[in-house]
Amino acid sequence: MDTAIRTKAGLVFLGPLTTAVPESERSVSYQDLDALMHSGVQPQGIYLRAVPHQVWRKWLNRTRQSDWWSLPVFAEPALRDAQPYVDALCSVERAHEITEGMALRRQMLPDPGDVLGLEERLLYFLYERGPQTGFRPLLDRDSDQLYRYPVAEQLACAQESVSQALEELRRRGLLRSEGLVDRTRLCSGCGSAHIHFVDVCPHCQSLDIRRESMLHCFACGHVGAESQFVEGGALDCPKCHVHLRHIGVDYDKPLAQYHCRSCQRSSVDSMVQARCLDCARTSTPDELEVREVATLMLSASGRQAARNGGVGEAYPPLKARNYVDPQGFKRMLGWASDIQARNPQFSFHLMRMELEHKGLPAQQLSPWQITELLDELAVRLNAQLRESDLITRVDEHSLWVILPYTMPQGLQSRIEKTMEKLAEEEGEAKRLALSVHLRSMEVKAMNDGSEAPSASNLMRKMQADTLQEA
Ligand SMILES: [Zn+2]
Ligand SMILES: [Zn+2]
Ligand SMILES: [Zn+2]
């Protein structure tokens, strides 16, 4: 499909033409998806007429895997089983409205053909559909995790894992949960939610336990399951063989207990084992991973990431007062560099702070912990920076600062002290595992002041210098 030479159309209709189809829809109706794809038309949205389940499923899957992957797909209200998979079951008028709204939002986004990774595609898909839309979970007893996200699944290629991508986006704060639907428990071995709970003997883990009433023989003190005392219709103590006649005189009945027929021991409580039906792993219930199932919506940083066309630079905004997003930071850096080239008396520094692992693998912090630490550092830098300084984060372990008219030496040592103090407060483990690398340089025009270095050049040079040092 070559989208460049296609004629633009709004909503198009897929399915057999009947006499009930109004004149206005006839010219944009196609018998099936192949007819539409060969028509040379670039639709803005697709409306499914009543066709059998297998047919619309196939059309929908093919659309989501094509260049048209992000287009809205609607269906007639009669196609009730299409509900979890399409944008809406709705009237043609409503479908037109939604399609137009999406076409407007799409103008702020990169070309869908340029959006490659699954994570980016998921964010883009939600952005186009507006802030009220999220990926809804569907209960499906056949799926590993008991719930799946059918719309998100259609966007993935065969080798991509949707559940992993969604979990990762949620962890990074690009998606947020809304409306708790359920809480599942997943096997810590394989992640399956198909867990079977059984009670077993706490002594020998045998399955062969029974809840039985117990007898207590007053003559010898023996306590055992009632069944052990029954002898030819009467009660005899299996230990001292005394004939037990009267409750309260010869014997009494303590609380019912579990009796194990494998090890013959009794216990007040049984033990609960969680058995994974998929990988056969046995664990205790509290070893299972608890997962909250909810609708996943785009967060503010997720929207920003979708507009920027990538999750690579999308980290939650820093809590610093002087924070600007990475794109804004690069623009300001280029702008300042231009001014400096024309007015040599304007001086400014570019500074880069990088958190670095230095611990043993066992002490390694997760990327998430580092991101959090960097956030905390940024908050503390508020006290060190001036109103006119700008700070940003472009990846999970480094901060960049533009410092106009500042001699960074004094600042550098103050920042290092701040970092040391933070690491100390965070505890021994993090203090040992992390070090901060700090570098700054004065930005000056090249070739005798005639050429202003670009922002990307400056940042690349500084990154390379840091690498050389390390
Ligand atoms: Zn036992
Ligand atoms: Zn006895
Ligand atoms: Zn398992």
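Quick caveat: nothing in here was measured; it's all calculated off a predicted structure. All ligand and atom numbering here is 1-based and tracks the order in the structure. Numbers here simply count residues along the sequence, with the first being 1.
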Metal-centred angle, the Zn ion (ligand 3) as apex - SG of Cys276, SG of Cys279, 10° resolution: 110°
The Zn ion (ligand 1) contact by Cys204, N, O or S atom under 2.8 Å: yes
Geometric class of the Tyr124/Trp69 ring pair [parallel <30°, tilted 30-60°, perpendicular >60°]: tilted
Cys201 SG and Cys263 SG subtending at the Zn ion (ligand 1) (10° steps): 110°
Cys240 backbone or side-chain N/O/S under 2.8 Å from the Zn ion (ligand 2): yes
Within 45° cone and under 6.0 Å: Arg121 NZ/CZ vs Phe125 ring: no
Test applied, side-chain contact (heavy atoms from CB on, under 4.5 Å); reference residue, Trp400; option that passes from Met462, Met353, Lys330, Glu354: Met462
N/O donor-acceptor pair under 3.5 Å between His194 side chain and Ser143 backbone: yes
Parallel, tilted or perpendicular: ring planes of Phe13 versus Tyr47, cut at 30 and 60 degrees: tilted
Cys187 SG and Cys190 SG subtending at the Zn ion (ligand 3) (10° steps): 110°
Cys237 backbone or side-chain N/O/S under 2.8 Å from the Zn ion (ligand 2): yes
